[in-house]
Amino acid sequence: MANKLTKVLVANRGEIACRILRACSEAGISSLAIFADNDANSLFVELADEAVMLQGDSIASTYLDQTQILKIAADHAVDAIHPGFGFLSERADFAQAVGDAGIQWVGPSPAAITQMGDKMTARITMRNAGVPVIPGEEIEEVEEEAALIAIEEASHRVGYPLLLKASSGGGGKGMRAVHDASELISAAQGARREAIAAFGDGRVYLERLLTGSKHVEIQILADRHGRTIHLGERECSVQRRHQKVFEEAPCATMRPQLREAMGSAAVAAAKAVDYEGAGTVEFLLAPNGEFFFLEMNTRIQVEHPVTELITGVDLVREQLRIAAGQPMSCGDLMIRGHSIEVRLYAEDAANNFLPAIGKLAVFSPPEGPGVRLDTGVREGDEVTPNYDPMLAKLIVWAPSRNEALQRMRRALDEFVILGTTTNIRFLHELCDQEEVINGATDTTTIDRLWPNGWSPNVSQSIKNAALLVASCAEANGLQRRSSSNSNQDISDGPVSPFQTLSRRFP
Amino acid sequence: MANKLTKVLVANRGEIACRILRACSEAGISSLAIFADNDANSLFVELADEAVMLQGDSIASTYLDQTQILKIAADHAVDAIHPGFGFLSERADFAQAVGDAGIQWVGPSPAAITQMGDKMTARITMRNAGVPVIPGEEIEEVEEEAALIAIEEASHRVGYPLLLKASSGGGGKGMRAVHDASELISAAQGARREAIAAFGDGRVYLERLLTGSKHVEIQILADRHGRTIHLGERECSVQRRHQKVFEEAPCATMRPQLREAMGSAAVAAAKAVDYEGAGTVEFLLAPNGEFFFLEMNTRIQVEHPVTELITGVDLVREQLRIAAGQPMSCGDLMIRGHSIEVRLYAEDAANNFLPAIGKLAVFSPPEGPGVRLDTGVREGDEVTPNYDPMLAKLIVWAPSRNEALQRMRRALDEFVILGTTTNIRFLHELCDQEEVINGATDTTTIDRLWPNGWSPNVSQSIKNAALLVASCAEANGLQRRSSSNSNQDISDGPVSPFQTLSRRFP
Amino acid sequence: MQNQFKTEDGLVEVAISKQGDSWTYEGQSCQILNDGRIQVTTADGSMHLARAAKVGDTWWVHLCGQTFKLERIEPGASASEEQGGLTAPMPGKVLEVMVEVGQEVTAGTTLMILEAMKMEHKIVASTDGVVTAINFNAGDQVEQGVTLLDLEQ
Amino acid sequence: MQNQFKTEDGLVEVAISKQGDSWTYEGQSCQILNDGRIQVTTADGSMHLARAAKVGDTWWVHLCGQTFKLERIEPGASASEEQGGLTAPMPGKVLEVMVEVGQEVTAGTTLMILEAMKMEHKIVASTDGVVTAINFNAGDQVEQGVTLLDLEQ
């Protein structure tokens, strides 16, 4: 390889596929998307230079089908595969197979993935490297009954409240908080079942649930030319269902010495496994300034944009450089301003964040300075139950944290999505909470703010106004213009994206 | 005033009104838009907290009607007026009247506007302050015939090629390059006529046309607390019809000492007139490093975003702070990466950049990292001959100039506008020119690159493919879905923005 | 002009009246602009623009940063509210059935676990009652809106 | 399937043919996708998605970063090309008429100055000829497309 990639296969979908495809395009690298049948009309397919459809009707037989993906890669002579996040991104066996096929894996070595990807092994590795880990216990038993017994025994030593986590986990899947012994077994069964479904590996481990802590993670980059650096921290404490919804950089309470201490620990962690590429070392940061290793994500992360905006480093572009064998292009760490990301989900925040589906009849994102949108959808697309219900990441940057929050509120106010329930209003109210404004968030923030679940704070007068609008639109036949087309043919057939405007210019 | 603005009237329209209204919203300041009848459906009206329609059917009787605007300001108890750029932004008499009405002017004092706004006076002021000005001559005569005689006489002393410039000018209006004595009188008549129409002041002055120079301008900020700073330079050499179309920061050939020299000159210029707020000092930078004062713009500028992106300073927000009597919030100058702005016009670049009109049947801007769009239009809006045909400013940021150019090309490729002719393809080809890639642009770049006018470089095969697409769409009735609605009622009546999707979810 | 909508707060009858160009309801008023958008004047006198789209029978309305989902009930049609039934909130797969027919349950009891969008969701008894029917078994695929179980109070 | 379009290069007759799901013309082929978009395969084998919108009789097509304006000529209608006439490129105001009826002009002569969108635009003789008619005076408002002057070769 002449230190240059020529064609990259993006083994992912949705917004992260778009992010990577655009980076390839900017880098002058040609790109190949792979897509399942139900993604044929997705934006990422459109953005790719070439796109190949995956045969199969489940995730396992499409985006997780290593053999099929490797065959496509070989048939189309790609010289690298970028896995994005999720799917195959942390599968060491796939990284190995990719390398064996003579294709460059955009990410760390299979060995590094294995050592960090198995969360139990990672805990042990880190403990040995002197990085503090959360008090807890690994459960090696694989078989259900034996595992449940071992979990029960370990629970006495770890103590309550505790957290069950899937050893192959990520994204909140296979994770359960257990506050009381009576909940333990059903929680363990649920966690294992979810872990098996998501990762094909039911092993879970126990950790003391450290309440009142912040989730703070360090972004690192490592190249083959001897440089391993950190790019400061992100705070991602605000989580619902163990999934991040509000992420920011820098952490509001971070101090330079602590940043250096955590950064050094993260760099040490990366070096311990000969890390290459972009990765994230996650920590819990206790109120007293103690921090504990949680896990390392050996891939690009959902919330990487906030780091990009404060450091000015294009992480995906650096991934491509590093994978090509080039040195990373970024210089010394230079943090400027504040960035916040919120994850827009199709979900009913008022109903325990239940995922929602629907057609994006209107999808009108905010514009203007300091606003970035990473999305894989566009107006007219359908939100289906097939994939994760994240619609977009809305990211803002501003000179200060307060201004970033103001900008985020403005951007959320401007964002109009009609046709599916979203968490936009929830996110807006989140930005109005004193705890969020003060930067005093921890991993229990949402549960504490809305112990009985969130419901929107809407005045009766606005509710009435909305009913008035719907009635008035209905009464004036404002939908008639299109509904007159709703004959059977069209409702079941293809929808035309073509538009004809009735006004004619001479 | 308690160092806080509560309600700002934005005396402008289009994208800059949107920019200011969003800044007000983020700053927690309530906003009032004013709009002419033909702007009733414009985006900026929608973004404002309140909007008042101006009576009148010409620009003079609406956006330039000082009396009417002041009455609205008084009726709605605003405590500040932000003029944006163009329109009344550099009218000292208006700034004076605003102050007399007890309303804060977001900008410098009337005296500073007068001293800098009259370009001839500014030349003299700068010369006296020791800032080098371009060799040339002021023409004091107001009356047409006398002025033409004086211009003719001065032309012999200034020599050819020369530039005629309106003393009240800006934005290329009332400006003419004259290469030969035979063109002088008709050029002077044209310049004066345009200047009278645009500014109500026909005075012009002559300058030696310095070919091969770069247009480099310095952004400055000054508050009432004794701080006057510069925020580095922008290069805006690439112009068509004397209007900037491609702007970047920093200037590709800038060196730190030169930046400091030009920055100091700009700060000196601002201090010479007791400047307050945001302003720009424009220079011509000769190939040998000599620079000459061109003019000072005593307002926010179209191309301000590129400075915002490399310095991390929110210039409009700082304007609001300074107008409220607060100190500016930005710290020391910290330039990072590279930013490029292109101006998207509804114009036919292949036909001498003739402005175009039409309906924005599709207006689909690019997304993703490092892309900012400042626009005042949205899909479905109409481009009319009433106002400037600028549709949007597309701005990118990237760690390096090369990456910024790559990103700009990618963004332009993604930008789809159908229904009116635009300069997107021209801008893309501009980004591909060696001179632009090398940063070797000067004010004659476009004329030199396309001496006989630009025309798109399109292969016959793509032309044929486009014809195929149109034929195929026509043959398959892909427009039928909407055109069946084109009964007389709808084509002349209001167009419904409501959509009904035919697919129903159970 | 009378319409019936199903909202988060239940069924609402909305009777709007027209005066000049203006429609009113409960102190709110609105006007249809030239370009078809709807301008709302709320009871406190402030003006706002609404965006709306109809998907199937449902009007989606965006107003003041809030989005509302208002299902219009066709005159004569009965509301689609289920009586005592527990419906699938989205398409998915039944993972586990936690109760049996005839079992007495209290409000809050988990009755079934559904997998959808790669997450597990609990189907929880909304009231105390007796399970009178279980319509699906573990492993079954279910469509959105189908009745999973019946509960009698 | 035959269509006539007015393009930058003049009038073009386009005859497309269909084979299976695919339409072809001059070595290019295209297919209509499920969702109504059009996928183009150019002669070199590369695939691209087109976007298109029809405004009045004009198809606007975006393909490979290029935008095309293709005015479809209704079968039987004559093309709207003016013969020798000089038309207003956009609505505006006549600022100055530089020639007189009967005057001989050479290609490139400025005939009229039009103000539109706050800029001045020159109306220039496209060929050598004689001015046979001047339809507007200074100060007149003109609509887009009207014939400003007639020029006879």
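Quick caveat, the model's predicted, so the values are computed rather than measured. When reading the values below, keep in mind they use all heavy atoms of this one structure, side chains included, and skip hydrogens, waters and symmetry mates. In what follows, chains carry the letters A, B, and so on, assigned in the order in which the sequence lines appear, proteins first and then strands, with residues in each chain numbered from 1.
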Between D:Leu63 and B:Ala465, the two heavy atoms sitting closest are CD2-CB, 3.5 Å

Bottom line for B:Ala466: the part with an atom under 4.5 Å from chain D's heavy atoms is both

Only residue of B:Leu418, B:Leu467, B:Val458 satisfying side-chain contact (heavy atoms from CB on, under 4.5 Å) with D:Phe68 is B:Val458

When the 4.5 angstrom heavy-atom criterion is applied to D:Ser29 and chain B, the contacting part is backbone

Correct closest heavy-atom pair for B:Ala470 and D:Leu70 would be CB-CD1, 3.7 Å

Exercise for review: May I ask you to check whether over 12 heavy atoms, not counting those of D:Arg72, lie within 6.0 Å of atom CZ?
Suggested key: yes

When the 4.5 angstrom heavy-atom criterion is applied to D:Glu96 and chain B, the contacting part is side chain

When the 4.5 angstrom heavy-atom criterion is applied to B:Ser455 and chain D, the contacting part is neither

Applying a strict 4.5 Å limit to non-hydrogen atoms, the region of D:Thr24 in contact with chain B is backbone

Tightest non-hydrogen contact, residues D:Trp59 and B:Glu474, listed as NE1-OE1, 2.6 Å

| Side chains of D:Phe5 and B:Ser471: closer than 4.5 Å at any heavy-atom pair? | yes

| In terms of side-chain geometry, is the basic nitrogen of D:Glu8 or B:Lys463 positioned less than 4.0 Å from the acidic oxygen of its partner? | no

Bottom line for D:Asp44: the part with an atom under 4.5 Å from chain B's heavy atoms is neither

Listed by number, the residues in residues 132-140 of chain D that come under 4.5 Å of chain B (heavy atom to heavy atom) are none

message: Counting C-beta onward and ignoring hydrogens, is there a side-chain heavy-atom pair between D:Ile113 and B:Arg193 closer than 4.5 Å?
response: yes

Ranking D:Thr58, D:Val40, D:Thr42, D:Ile32 by heavy-atom pairs under 4.5 Å to chain B gives rank one to D:Ile32

If one checks every heavy atom of B:Ile417 against chain D at 4.5 Å, the contacting part turns out to be backbone

Any side-chain heavy-atom pair of B:Thr421 and D:Trp60 under 4.5 Å
yes

Nearest heavy-atom approach of B:Val469 to D:Ala50 is CG2-CB, 3.8 Å

Scanning both residues in full, the closest heavy-atom pair of D:Arg51 with B:Ser364 reads NH1-OG, 3.3 Å

| request: Verify the neighbour count for atom CG of D:Asp21: are there more than 12 heavy atoms of other residues, nucleotides or ligands below 6.0 Å? | output: no

